[in-house]
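Here the structure comes first, spelled out in structure tokens, and everything after it is commentary.
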There are 2 protein chains.
Amino acid sequence: MRNLLGLAVLSYLTERPMHPYEIGELLVARDHARSIKYNRGSLYMVVNQLVKAGLIEATATIRDTQRPERTVYALTDAGRGEMLDWLRELIGQPVHEYPQFVAALSLIGALHPDEVVALLRQRQTGLEQQRVGISQSVEACLARGMHPLFQVEETYRLAVLEAELAFVARFITDITDPETGWGPGWAAHHADRDESPH
Amino acid sequence: MRNLLGLAVLSYLTERPMHPYEIGELLVARDHARSIKYNRGSLYMVVNQLVKAGLIEATATIRDTQRPERTVYALTDAGRGEMLDWLRELIGQPVHEYPQFVAALSLIGALHPDEVVALLRQRQTGLEQQRVGISQSVEACLARGMHPLFQVEETYRLAVLEAELAFVARFITDITDPETGWGPGWAAHHADRDESPH
DNA sequence: GGGGTCATGTAATAGGTTACATGATTCT
DNA sequence: AGAATCATGTAACCTATTACATGACCCC
């Protein structure tokens, strides 16, 4: 069990027993789906895995003379412990990850530097849009009196976004600097590799 | 085809035709496996997908009177184009991702603030270790005269690491500040939720 | 009262990872 | 020469995503 959706399920069930559909609704309503990848199919799968692992258990299947039958799940003691341990580990120990931009940077030599500069400028505007979007929503929540702890994940995203913006700006000048810019050398090397195949 | 290992395969095959095992070796030798998740099984799968998509093709199966038969693949024209388009998109357009730390932050209220502070301190040392590891290796490469472009993905990682370190430090003081720290309120709320279930 | 959409799940398919297989080489 | 390890690939399994199914409610 390494799907983080499972952690969200465990966490939500600490509030009260729920059925999967309700969990999914809450996940979206509270915007946790921005931080934890969610789709309904995965949710049902994860819930079954949690049952198998003994971390949650079905407490009832209710039908309020309404819609399809719904199974309600509750957290077990083991589930509560596992949830806490899991969270502790995620906070205490940084893990190596593979963001898409890192992958792209590692292979960026295949593009011509002029094109790269244009693409980086495009990225800057995208990042900037994300940044204003997030910071506005954070400020709106704070203005409504919400405790900043509930926005801490977005605050983190903002910090990373700003670092990335700074990095991109720096990268552009590294390429284009008229004195020491990497552009010319890069372009030359690029021409080489484009000729050689034929 | 959204597996970034596929992008790496396309990119490597621009140099010359290779067999999968060789691609895997190079991926590790050049440290690209730090930026793109690699394991052998996935590599063979991805190669098959690329063949089906017409982006690469088998050019020979050689057996140098040695080990098992090896199939050598070469890039097609479509493959070259796809590789470039894919890279352009990754550079030009930021995508929403789901780092584990973001998920954890979004649910961190389930832990007691005192414990969170301890875990964040632990994280700081882990991040700091990563930081010195990366910056030493970058400097070593530069000292050997390697062009900084070949380290650009690690430079980016450094920038993000530093932003995360700053964020964590800030978060700790937000919790522990003797005037306005979130600790007391958080702890109280935490006690509430721990009582209610019973 | 029939067409749309909401609520809830299940099943089929595609994607990725781990475990296994097999001959060659190298070491002692 | 037998044990350990390398080189290479395949197959089995597990995970995740998409597509489908079904009855209720809601609107004109």
Side-chain angles (χ1 to χ4, degrees), chain A residues 1-10 12-13 17-29 33 35-53 55-56 58-73 86 95-98 100 103, chain B residues 1-10 12-13 17-29 33 35-53 55-56 58-73 86 95-98 100 103:
Chain A
M1 167 94 323
R2 30 180 64 39
N3 190 332
L4 287 173
L5 197 49
L7 181 61
V9 170
L10 294 176
Y12 277 39
L13 292 184
M18 299 184 199
H19 56 96
Y21 194 92
E22 185 179 5
I23 297 176
E25 294 294 288
L26 277 183
L27 221 41
V28 172
S35 309
I36 293 175
K37 199 170 10 169
Y38 163 64
N39 74 40
R40 271 220 325 292
S42 309
L43 177 59
Y44 286 96
M45 180 200 37
V46 160
V47 164
N48 286 334
Q49 288 170 190
L50 291 172
V51 170
K52 270 189 209 121
L55 303 179
I56 65 177
T59 55
T61 66
I62 61 176
R63 125 158 345 204
D64 12 53
T65 188
Q66 283 178 343
R67 307 306 170 72
E69 202 173 51
R70 299 165 307 177
T71 307
V72 174
Y73 296 90
W86 196 349
V95 296
H96 188 83
E97 292 183 290
Y98 300 86
Q100 308 217 21
Chain B
M1 169 94 322
R2 345 190 105 5
N3 190 333
L4 288 173
L5 197 50
L7 182 61
V9 170
L10 294 175
Y12 277 39
L13 293 184
M18 299 185 201
H19 56 94
Y21 194 91
E22 184 180 6
I23 298 176
E25 294 294 287
L26 277 183
L27 222 40
V28 172
S35 310
I36 294 176
K37 199 169 10 170
Y38 164 64
N39 74 43
R40 270 218 327 290
S42 309
L43 177 59
Y44 287 95
M45 181 201 35
V46 159
V47 163
N48 286 333
Q49 288 170 190
L50 291 172
V51 170
K52 271 190 208 123
L55 304 178
I56 64 177
T59 54
T61 66
I62 61 176
R63 128 158 344 205
D64 11 55
T65 188
Q66 285 176 342
R67 307 304 170 68
E69 202 173 51
R70 299 166 307 176
T71 308
V72 175
Y73 296 90
W86 195 349
V95 297
H96 188 84
E97 291 183 290
Y98 300 87
Q100 307 217 22

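Computation of the quantities below employed the complete heavy-atom set of this structure, encompassing side-chain atoms and omitting hydrogens, waters and symmetry-equivalent molecules. Note on naming: letters A, B, ... go to the chains in the order of the sequence lines (proteins, then strands), and numbering restarts at 1 for each one.
Summarising the geometry, the separation between CD1 on I36(B) and C1' on dT17(C) is reported as 18 Å, rounded to the nearest angstrom. If you take CG of L43(A) and P of dA16(D), they are 12 Å apart, rounded to a whole angstrom. Rounded to a whole Å, the NE2 atom of H19(B) is 17 Å from the P atom of dC6(D). I23(A) places its CD1 atom 15 Å from the C1' atom of dA7(C), with the value rounded to the nearest Å. Atom-to-atom, CZ of R2(B) to C1' of dT15(D) comes out at 18 Å; the value is rounded to the nearest Å. The nearest whole Å value for the distance from the OH atom in Y21(A) to the P atom in dG23(D) is 18 Å. If you measure from atom CG of L5(A) to atom P of dT15(D), you get 14 Å, rounded to the nearest angstrom. We find that CG of L26(A) is positioned 12 Å from P of dT8(C), with the value rounded to whole Å.
The line from CD1 of I56(B) to CE of M18(B) is 11.5 Å long, rounded to the nearest 0.5 Å. The OH atom of Y44(A) sits 8.5 Å away from the OG1 atom of T71(A) when rounded to the nearest 0.5 Å. Note that the CG atom of L27(B) and the CZ atom of R40(B) stand 13.0 Å from one another [nearest 0.5 Å].
Here dT10(D) is the nucleotide among dT15(D), dT17(C), dT10(D) with the atom lying nearest to any side-chain atom of Y44(B). Considering only the side chain of R70(B), dT8(D) comes nearest among dT17(D), dG15(C), dT8(D). In this structure, the nucleotide among dT8(D), dT17(C), dT8(C) sitting nearest to the side chain of M45(B) is dT17(C). Side-chain atoms of R40(B) lie closest to dT8(D) of the nucleotides dG15(C), dT8(D), dG9(C).
Residue K37(A) has a polar side-chain atom (N or O) positioned under 4.0 Å from OP1 or OP2 of dT17(D). Between N3(B) and dG16(C) there is a side-chain polar atom (N or O) within less than 4.0 angstrom of OP1 or OP2. Distances shorter than 4.0 Å separate none of the side-chain N or O atoms of N39(B) from OP1 or OP2 on dG16(C).
Using a 30° and 60° split on the angle between ring planes, Y21(B) and H19(B) fall in the parallel class, below 30°.
Listed for the Q49(B) side chain is no donor-acceptor partner under 3.5 Å among the backbone atoms of M1(B).
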